[in-house]
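What follows is a single structure, written as structure tokens, with notes after it.
In what follows, chains are A, B, ... by sequence order, proteins preceding strands, each numbered from 1.
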Amino acid sequence: MSETSRFRSLEGGHGALKGAQTAWDMLSEEQMQKHITTGCEELDAILGGGIHCKEVTEVGGVPGIGKTQLGIQLAVNVQIPVECGGLGGKAIYIDTEGSFMVERAHQIAEGCISDLLDNTAHRLKDFPACPEILQPNSFLANIFYFRICSYTEQIATINYLEKFLEEQKDVKIIVVDSITFHFRQDFDDLALRTRVLGGMSLKLMRFAKKYSLAVVLLNQVTTKFVEGSFHLTLALGDTWSHACTNRIILYWNGNDRHAYIDKSPSLRSATAPFLITGKGIRNATSHCKRVRMM
Amino acid sequence: MEERGRVAGELERLIDGGTQHKCAVASQVPMPPPRNPRSAIHAKSPITKELGEEDVGMEEVSVAIDRRQPPWLNGVELLEDAKWNKHALPTGCKGIDILLGGGLREGQLTEIVGPSSSGKTQVCLHSALGVADLHLGVVLFLDTCNSFSPHRIAYMVNSQSDTLIKEGKEGRLKRIMSSILCHSVFDIFELLDVLHQIECKLKHQVKSSGNRIRLLIVDSISSLITPILGGKNSQGRLMMITTGILLKKIANEYNLSVLVTNHMVGGEGGSLKPALGESWKNIPHVRLALSRDQGSNVCNVSILKHTIIDESNTGIPSLIWRRHVASHLIPTNYLPPAHVSPSCSSSSPAVYLLPSSLASLSSPRS
């Protein structure tokens, strides 16, 4: 690129740099940005309102803790209409393990709709069209589902997503369940795996920023032998741990499910309990009344 | 024609002789060795004087040579340059500033290394805030992992309890936030393009404008380089070193400070070492290692490499920087990855606690 053409490209943007924004403008944009609710108020509170758009959030936990449930819940909650305080967007669900159950998604959608109708009945009176939109089948119709069976398919899908997102403008969340499954076995060359995963995470970061959507990556845990004892850590190693903006860890505390914020540029470390009911993710009742702040 | 031939031959000899002054001595009247080829051309007597109209061409050529090869400086000029042009930018974290002897030095590339969630982005945000607050100029934040959080900076600004502020809180927040520019890059080629744009803009900029870029932050450079590093060919390493050299060149020529972050990978014996390998190790001028104790809210900073300070014997205790969190115990049935401090040289004596708010610092002008 010659010097003159580079100089010409400096017009526009901030003048200092094409495409740069001041932090002040970004602050105003951020304050107007809505978050995706998880269904549990305490969890939303520690997340600062919910899952943030324009960021990549990693959710990790032991098997059976509820990662897939959270993924499906977010894919449903992103579709809450704008009049009811949600984003009114669509969801992309990339399934690598085959753990997405359509019947469960239908159940969660029904639970979400019934809660909406109960809680915001006064708002819905002004919008008569809402009851038609609030049908479980229409919620299911707005979830774009991709089933992946190998790591090459995973890489190909992520590459294809760019074109898909250009066509479908109102996708607001991408859930990948789980990001690590196909990379844990059959990959002999670990250095190659690191490179491929690094490239994949950069692409996802770019989608999050460019299309203003949230990316949620579900990850598994593995044991690591450090200093003579076994620790539970997220799969895929140290390099992958830097590939996300935020990280939430789900864990068992006795018989209760808790969520803990492990990494975030703007949120405090905190824990919150949550419950998985027939309707989806909800507040934990009874003994854990207060969010424990760190 | 033969005059041109003579000029071309002369020029060739000058370029070949280059820095060895052979050209001046060759077959002419003996003269003092030139400082650079340009003065050699002007100091020449017989041949160039004959070719009056060729002087214009020689001027252009000498200018072209000068542009490629910066003039030689002696030690005194370098010292003057360091004294007047290369100041230290305070990071706002007292401990890090003391450890670095003033702050991030202009003209140098500083690298912060640390495991996940050890506070690297927080140090970057705090430095951006510090530089913008002291009216030093514009901060450019190149973000590769969407971790630039204006909300967090606003929180830091509002939580600083300064009694000397004359302007209102709102005005101060707006002023600070308007001096911080953020640009997202997700590709090593985009980064190189942005750096070339910056270089071009700085070259054509009036020297004394108030919107001078003072601090350039790349968070994190390792996530751009990891996808290309390794493999059979060494293109990745080439791009990495090119980027490093370009960053250092911009820092030195335009008197700004560059701050980059890097992550850690597992080394032998389970200890952590900085990523990006041996080739990158020598590129930054200053390397700092951050580590956070498990379950704690304080971070340790230590020097891995510095141009002036001896890292084994700083005489300053290992410094701790308090995070903006209250203390809490991590639940025992989930244990985050062990954050082991790097085994390379770090001073270890007592612990030094710092306030989290922006401490008043001495003026950056030495």
Side-chain angles (χ1 to χ4, degrees), chain A residues 1 3 6-7 9-10 14 16-24 26-27 30-31 54-56 191-192 194-196 198-199 201-203 205-206 208-209 224 226-227 231-234 237-239 241-245 247 249 251-253 258 260 262-263 265-266 268-271 292-294, chain B residues 115-117 121-122 125 138 140 144-154 174 177-178 180-184 186-187 193-194 196-198 200-201 204 211 213 220 222-224 226-231 263-266 270 272 275 297 324-328 330-331 333-338:
Chain A
M1 211 181 159
E3 276 201 30
R6 225 178 266 136
F7 192 54
S9 75
L10 291 173
H14 187 257
L17 190 61
K18 178 172 157 228
Q21 269 185 307
T22 64
W24 181 252
M26 287 178 75
L27 183 65
E30 219 187 39
Q31 279 163 351
K54 288 194 183 177
E55 288 182 10
V56 174
L192 176 64
T194 309
R195 287 202 296 283
V196 168
S201 75
L202 277 181
K203 286 204 191 80
M205 288 278 181
R206 186 197 296 271
K209 187 79 183 191
K224 186 171 157 180
V226 169
E227 289 177 348
H231 288 239
L232 277 183
T233 59
L234 290 183
D238 295 317
T239 308
S241 61
H242 296 269
C244 58
T245 312
R247 186 155 52 237
I249 308 287
Y251 65 97
W252 287 105
N253 190 4
H258 284 242
Y260 158 68
D262 188 43
K263 172 185 177 186
S266 60
R268 288 173 180 255
S269 296
T271 350
R292 279 167 36 215
M293 299 295 280
M294 300 200 68
Chain B
S116 178
S117 186
T121 305
Q122 299 302 311
L125 293 176
V138 168
L140 190 52
T144 69
C145 41
N146 289 340
S147 55
F148 180 75
S149 167
H151 164 72
R152 174 73 174 138
I153 298 184
K174 179 159 188 194
M177 303 282 273
S178 305
I180 302 178
L181 295 179
C182 176
H183 186 60
S184 295
F186 299 109
D187 204 348
D193 194 35
V194 165
H196 284 302
Q197 275 187 36
I198 294 173
C200 201
K201 150 92 181 171
H204 294 98
N211 281 340
I213 298 182
S220 65
S222 54
S223 59
L224 291 181
T226 321
I228 54 171
L229 198 60
H263 65 271
M264 289 208 156
V265 292
L272 294 175
N297 58 342
H324 286 264
V325 292
S327 58
H328 179 81
I330 290 186
N333 47 2
Y334 169 74
L335 295 163

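- Inter-residue side-chain proximity for A/H242 and B/S220 is flagged as unmet; no heavy-atom pair is nearer than 4.5 Å.
- Here the CG atom belonging to A/L27 is positioned 11.5 Å from the NZ atom belonging to B/K174, to the nearest 0.5 angstrom.
- What you find for A/E30 and B/P150 is that their closest heavy atoms are OE2-CD, 3.4 Å.
- Counting heavy atoms from C-beta outward, A/M205 and B/S223 have side chains that stay 4.5 Å or more apart.
- Using a 4.5 Å cut-off on side-chain heavy atoms (C-beta onward), B/C182 and A/Q21 make no contact.
- Considering every non-hydrogen atom in both A/S241 and B/S116, the closest pair reads O-OG, 3.5 Å.
- Closest heavy-atom contact between A/T22 and B/M177: CB-O, 3.9 Å.
- Across every non-hydrogen atom of B/N146 and A/A208, the tightest pair is ND2-CB, 3.9 Å.
- Interface remark: A/K54 contributes backbone atoms only to the contact with chain B (heavy atom separation under 4.5 Å).
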The test is side chain to side chain contact (heavy atoms under 4.5 Å, CB included); show your working for B/L224 and A/L202 and say whether it passes.
CA-CA 8 Å; B/L224 291 181; A/L202 277 181; 4.2 Å; yes

When you look at B/S117 and A/R247, which way does the side chain to side chain donor-acceptor pair (under 3.5 Å) test go after all the steps?
CA-CA 9 Å; B/S117 186; A/R247 186 155 52 237; 5.9 Å; no

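- Taking all atoms of both residues into account, the shortest heavy-atom contact from A/A20 to B/L181 is CB-CB, 4.4 Å.
- B/F186 contributes atom CZ, which lies 10.5 Å from atom OG of A/S201 (distance to the nearest 0.5 angstrom).
- The part of B/A154 that comes within reach of chain A is its side chain, from C-beta onward, which places non-hydrogen atoms under 4.5 angstrom from that chain.
- The contact between B/S184 and chain A is made entirely by side chain atoms (from C-beta outward), counting heavy-atom distances below 4.5 Å.
- Contact detail for B/P227 and A/G198: the closest heavy-atom pair is CG-C, 3.7 Å.
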